[in-house]
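Source: prediction; values computed, not measured.
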Amino acid sequence: MTAASTPHDLASTPSDAAVDALTAAHKLAVVTDDDDAHLAATRRLGAQLAARHDLDVVLYDRSQETWMDHPHPSGVCDRSDLPDRGRQHIADQMVEFDEAGAVVVGFDVERAQQGYDDLVAGGADVVLAFGTGLGRALAGRSSFAVPTILFGTFISDASELPSAGETSGIANLTFLVTVRSWQSDLEAFADLVDFRRLAVLVPTDLRALVPPPATLDPIVAALGATWEIVPFDGVEALRSELDGIDAVYLPETLSIGDASVAAIADVLIERGLPSFSGSRREDVELGIMATTRSRQDRERLLRRIALHVESVVEG
């Protein structure tokens, strides 16, 4: 979650109001990227502030538009598998926080409700919340103290979030979402490939986002197939999980990373297994066989967000 308020040059000394807000905070979100000088300056300032005010740090990676949500059981962000997930830059950047004396932790969606309250108490004028996990956490609230925009791509089969074109019906809550459906994805996949045993490949830490069997079983059965979850813990481990599988569906790839998606595609091609991405158009360029995603989806969503924030600011 990020708070939008009066613009401030993060590369300079933070404002007195910002420092006052940090005294009551517990966790600091820091935006980063694989190659951006401005965000590098933001990252250095974030490390200094986190160390000074004894704050945990959670990173949001703009290069893949996703939170670092793969914590070690201790709570400290696990960096051992970052290179395999196409995130060597994050592992390198964590050293900066180590040297500053700040701790990088995994993003915890169970604390999203408290995080929202902290942002409001800290004086946020508008709150932007991105992602399926945050969407589920915040959509369950009955009231919102400030204008709150929930945006991202959501799965209609797996959540109670509104379909495209629907409003929240709650004061101060706006949905700016791209809604997609596992059912429409799998039907499109079945039009291309006659599969009988489908693997749903998801990162281990995102298994909870898979629709329950009561929802997914009839969808897949209508296609004359069965399905199973194949948790992704690395490319080498994947090879032993594909016996008996004749098609692979990847519903979410942002947290896997480009390098790992390309490596997955290589394994699937080597095994002669057709694949379908429900996540993004770029996966096809990395070797996944097909998708129905469009490159324009995210650009259109970002324009809508900018227009809505502008309307809130202007009253």
Side-chain angles (χ1 to χ4, degrees), residues 31-36 39 59-70 81-93 107 130-135 151-156 158 164 176-182 184-189 191-193 198-206 209-210 230-235 238 247-271 273-306:
V31 178
T32 187
D33 206 332
D34 54 356
D35 183 21
D36 188 310
L39 291 184
L59 297 177
Y60 183 81
D61 185 6
R62 284 301 307 275
S63 71
Q64 298 181 18
E65 294 294 354
T66 185
W67 294 95
M68 289 304 301
D69 55 358
H70 192 54
D81 66 347
L82 287 172
D84 290 338
R85 300 171 68 201
R87 287 182 167 178
Q88 180 62 53
H89 62 285
I90 295 292
D92 295 339
Q93 292 164 10
F107 179 69
F130 174 79
T132 305
L134 277 174
F151 66 102
T153 298
F154 297 93
I155 303 169
S156 61
L176 297 179
V177 302
T178 299
V179 179
R180 61 182 175 84
S181 164
W182 284 48
S184 61
D185 279 352
L186 295 178
E187 288 175 349
F189 195 12
D191 286 340
L192 300 173
V193 176
L198 176 72
V200 176
L201 182 64
V202 292
T204 300
D205 51 338
L206 295 182
L209 300 183
V210 176
V230 173
F232 179 70
D233 289 312
V235 174
L238 174 63
V248 177
Y249 174 56
L250 297 87
E252 199 286 322
T253 60
L254 285 173
S255 64
I256 295 176
D258 287 358
S260 291
V261 171
I264 290 170
D266 288 343
V267 170
L268 300 181
I269 292 170
E270 175 187 313
R271 298 284 291 265
L273 296 176
S275 56
F276 190 99
S277 171
S279 185
R280 54 187 186 148
R281 176 68 179 81
E282 290 81 355
D283 292 336
V284 174
E285 298 169 4
L286 294 169
I288 299 303
M289 188 185 82
T291 185
T292 56
R293 304 281 81 79
S294 166
R295 234 188 227 102
Q296 284 71 46
D297 289 345
R298 188 171 71 173
E299 295 174 2
R300 189 179 302 114
L301 181 61
L302 292 176
R303 285 196 296 269
R304 292 174 62 199
I305 293 168

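Between L250 and S279 there is no side-chain heavy-atom pair separated by less than 4.5 Å. Residues L286 and R280 have side chains in contact (heavy-atom distance under 4.5 Å, counting atoms from C-beta outward). You'll find the side chain of M289 reaches within 4.5 Å of the side chain of V193, heavy atoms only. Residues D185 and P251 form no side-chain contact, since every pair of their non-hydrogen atoms from C-beta on lies 4.5 Å or further apart.
Closest of all the heavy-atom pairs between A265 and G287 is CB-C, 3.5 Å. Here the closest non-hydrogen pair linking V235 and A263 is CG2-CB, 3.4 Å.
When each of L201, T253, I269 is checked for a side-chain contact (heavy atoms from CB on, under 4.5 Å) with I264, only L201 meets the rule.
Side-chain contact annotation: D283 with T291, donor-acceptor N/O pair under 3.5 Å absent.
If you take CG on L59 and CG on D33, they are separated by 11.5 Å, rounding to the nearest 0.5 Å.
Below 30°, between 30° and 60°, or above 60°: for F276 and Y249 the angle between ring planes is between 30° and 60°, a tilted geometry.
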